[in-house]
Colleague: 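After the structure tokens below, expect a handful of questions from me.
Computation of the quantities below employed the complete heavy-atom set of this structure, encompassing side-chain atoms and omitting hydrogens, waters and symmetry-equivalent molecules. Note that ligands are numbered from 1 as they come in the structure, with each ligand's atoms numbered from 1 the same way.
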Amino acid sequence: MIVILFGAPGSGKGTQAQRVAVTTDTPHVSTGAILRGEVARGSELGREAKPIMESGALVPDELMVRMIESRLAEPDAERGVILDGFPRTVPQAEALDRMLGRNQREVGLVLYLEVDPELIRERVLRRAAIDGRSDDNPDALAERMRVYQRDTAPVVEYYERAGTRIGRIDGSPPIDQVTEQILAVLGAEPAR
Ligand code: AMP
């Protein structure tokens, strides 16, 4: 099944996507992680994406759609994937639907992690101190939150209109409890 882990920056989607991917033995596809890999390798895409990511803005849809299309064409994605950080705009969601539709596939579930904005700020600034992610500074965070509200939040409404199944998850509790809620929605057993 194609599952989208959706939420604001700092909502915990990366952490949860990774856990759910391991428990359900499904590939975790994080566009942010792929981009960070490109930046680290110094590829052409990485060089283009780096300043955009550091400012907190979004990488152009066209590049992201191409990236996800080639990732979904890999053999391990045939059984399904956990998408983390994609789609982040309505045009990306539309492009994803078109590309899945060509192979008689569709988005099976959107897991929407809902977290209070103040808690998000605390989490992201803490992550900045631990991981040293260059876009986890107060200015880039403010921009990422603005971009989220303007461009990304409407993606949930897009899936609501399309009649896609949406699981709303309270992302505020400790990590394990959030994972339990997600696995319950997926009907999967927690890993022991
Ligand atoms: P993330 O790790 O998901 O928070 O992504 C980090 C950064 O990568 C974002 O702030 C964007 O600059 C860029 N990015 C990741 N995914 C996308 C996407 N689907 N569309 C546009 N930009 C993206």
Colleague: Is Val59 in polar range of ligand 1, meaning some N or O pair under 3.5 Å apart?
Modeller: yes
Colleague: Would the number of heavy atoms belonging to other residues, nucleotides or ligands and lying under 6.0 Å from CD of Glu160 be above 12?
Modeller: yes
Colleague: In terms of atom number and element, which parts of ligand 1 are under 4.0 angstrom from non-hydrogen atoms of Leu35?
Modeller: 8 (O), 13 (C), 14 (N), 15 (C)
Colleague: Hey, are Tyr158 and Asp97 close enough side-chain-wise for a donor-acceptor pair under 3.5 Å?
Modeller: yes
Colleague: On the 0 to 90° scale, with breaks at 30° and 60°, tag the Tyr148-Phe6 ring pair as parallel, tilted or perpendicular.
Modeller: tilted
Colleague: Closest by any non-hydrogen atom to atom 9 (C) of ligand 1: pick that one out of Arg144, Arg88, Met53, Met67.
Modeller: Arg88
Colleague: Considering only heavy atoms of Gln92, which atoms of ligand 1 have at least one such atom less than 4.0 Å away?
Modeller: 18 (C), 19 (N), 20 (N), 21 (C)
Colleague: Please list, in number order, the atoms of ligand 1 under 4.0 Å from a heavy atom of Arg36.
Modeller: 2 (O), 6 (C)
Colleague: Looking at ligand 1, is there an atom of it that comes within less than 4.0 Å of some heavy atom belonging to Ala57?
Modeller: yes
Colleague: List ligand 1 atoms under 4.0 Å from Met64, heavy atoms only on the residue side.
Modeller: 16 (N), 17 (C), 18 (C), 19 (N), 20 (N), 21 (C)
Colleague: Taking atom types as modelled and ignoring hydrogens, do the side chains of Thr179 and Gln16 form a donor-acceptor contact shorter than 3.5 angstrom?
Modeller: yes
Colleague: Would you mind running through ligand 1 and noting each atom that sits below 4.0 Å from a heavy atom of Gly85?
Modeller: 16 (N), 17 (C), 18 (C), 19 (N)
Colleague: State, yes or no, whether a side-chain contact exists between Gln92 and Asp151 at a heavy-atom distance under 4.5 Å.
Modeller: no
Colleague: So how far is it from Lys50 NZ to Ser43 OG, rounded to the nearest 0.5 Å?
Modeller: 12.5 Å
Colleague: Given the rule in the side-chain hydrogen bond (donor to acceptor under 3.5 Å, both in side chains) test, do Asp61 and Thr89 qualify, once you have shown the distances and angles that lead to the verdict?
Modeller: CA-CA 8 Å; Asp61 286 340; Thr89 65; 3.0 Å; yes
Colleague: Quick check: does Phe86 get an N/O under 3.5 Å from an N/O on ligand 1?
Modeller: no
Colleague: Can you find an N or O of Thr31 that's nearer than 3.5 Å to an N or O of ligand 1?
Modeller: yes
